[in-house]
Amino acid sequence: MNLRDPAKPDSFTPTVRRLLAGEFDEGPAYSTYRRRGTTDWLLIHTLDGRGSFGSGISADPGVTTLISPGTLQDYGTARDRWHFLFAHFHPRPDWLPLLDWPSVAPGILQLQPSPTAAERITSALSEAVRHQDSVLPQGELLSFNALEAALLWCDTQNPKAAQLDDRLLRAIECVDRNLRADLSVAVLARTSTLSVSRFAHLFRTQLGVTPQQFVERRRLDAAARLLELTTRPISAIATDVGFANPLYFSTRFHTHTGHSPTQYRRQLGSTLLP
């Protein structure tokens, strides 16, 4: 890591109230130097080309780098081009566990996500950039939420955290995309490109429940939210979350929450209803 160079001029330091996100595609002359760092955290996710931090720390495509507040920032294009997404941000207190990454130098943390996770991080950070430029009054919060999604995807790749196999991530996304769909073990196994037996074993080992139990919990949790926030008929909610039989849905919901759907809505959701 480079030491502070008293002869090197400092780059512009942005003022960050909550979040400043953007996308740069820079040539070989690009560099940034802030001897005192910034008061915020800086996240950089490389899309193409290569960047470097200090001396000997590379940022290749897919690599995500995090610089903590007050850390010397000395980074730039390592070759002919560096294309990256970035976010200066002040984290919420509950985000701090998501920022405990492996250190590659004092104050510089780095992850090398799998291709699948890198795509999700790219998508979430791109949303953060897009929403930041929105004319909507909610744009900043939407951008902040997208950054949180990026950090959560990063957390799935953090060796300090419990890691989930990428193939299982694909199955979980399949479940969350459409709870009404056929979400049998065979379908989810195909989504994960695994045999049914291997998928079921890996799922149980890493998540602690069977795929069928996981799907049912997702459906019942979604049903609980709909009961709290809407006045839709219980039979319609059952169908929307993937239960063909309303009576069976009511039985499983009671087992899951300790209340029938009607009781749950009356006791827990009444204050939220219009």
Side-chain angles (χ1 to χ4, degrees), residues 1-5 8 10-14 16 19-91 95-129 132 143-144 146-161 163:
M1 184 68 187
N2 286 348
L3 298 176
R4 289 172 171 81
D5 183 351
K8 197 169 183 179
D10 269 53
S11 302
F12 170 75
T13 299
V16 179
L19 169 65
L20 175 64
E23 179 175 352
F24 283 174
D25 192 348
E26 301 294 334
Y30 173 75
S31 67
T32 293
Y33 184 82
R34 301 184 182 107
R35 70 190 68 246
R36 294 183 178 85
T38 58
T39 59
D40 53 76
W41 291 77
L42 173 58
L43 178 73
I44 294 179
H45 180 65
T46 300
L47 301 174
D48 199 7
R50 173 182 288 180
S52 65
F53 295 84
S55 58
I57 301 174
S58 294
D60 294 310
V63 170
T64 310
T65 306
L66 190 62
I67 304 178
S68 63
T71 300
L72 167 68
Q73 295 182 6
D74 183 8
Y75 58 86
T77 304
R79 290 181 177 170
D80 296 331
R81 180 187 181 218
W82 190 20
H83 184 196
F84 60 92
L85 293 157
F86 70 88
H88 288 272
F89 64 97
H90 294 286
W95 285 13
L96 294 180
L98 300 178
L99 306 178
D100 184 20
W101 298 6
S103 174
V104 292
I108 299 183
L109 319 172
Q110 204 166 66
L111 295 174
Q112 298 187 6
S114 69
T116 299
E119 288 180 9
R120 304 301 188 273
I121 295 165
T122 297
S123 177
L125 288 175
S126 296
E127 284 290 288
V129 174
Q132 184 173 254
S143 184
F144 211 55
L147 173 60
E148 182 177 30
L151 291 173
L152 289 167
W153 278 110
C154 287
D155 199 50
T156 69
Q157 306 299 296
N158 188 351
K160 291 187 172 184
Q163 296 186 67

- Can any side-chain N or O of Trp101 pair as donor or acceptor with the backbone N or O of Leu98 at less than 3.5 Å? yes
- Parallel, tilted or perpendicular: which fits the ring planes of Tyr75 and Trp82, with parallel below 30° and perpendicular above 60°? perpendicular
- Message: Please check: side-chain N/O of Gln110 versus main-chain N/O of Thr65, any donor-acceptor pairing under 3.5 Å?
- Response: no
- Item | Under 3.5 Å: donor-acceptor pair, side chain of Thr71, backbone of Gly37 | no
- May I ask you to say whether Asp74 pairs ionically with Lys8, meaning some side-chain N is under 4.0 Å from a carboxylate O? yes
- Query: With distance as the sole criterion, is a donor-acceptor pair present between the side chains of Asp40 and His88 under 3.5 Å?
  - Reply: yes
- Message: Using a 3.5 Å distance criterion without hydrogens, assess whether the side chain of Thr77 forms a donor-acceptor pair with backbone atoms of Gly51.
- Response: no
- Task: Pick out which of Thr122, Ile121, Val129 makes a side-chain contact (heavy atoms from CB on, under 4.5 Å) with Leu125.
- Result: Ile121
- Using the ring of each side chain (for Trp, its six-membered ring), is Phe84 parallel, tilted or perpendicular to Tyr30, with breaks at 30° and 60°? tilted
- Task: Test side-chain contact (heavy atoms from CB on, under 4.5 Å) on Leu72 and Tyr33 and set out the steps.
- Result: CA-CA 8 Å; Leu72 167 68; Tyr33 184 82; 3.7 Å; yes
- Message: Once rounded to the nearest 0.5 Å, what's the spacing between atom OG1 of Thr64 and atom CD1 of Ile44?
- Response: 10.5 Å
- Do the charged groups of Arg34 and Asp10 touch, with an N to O distance under 4.0 Å? no
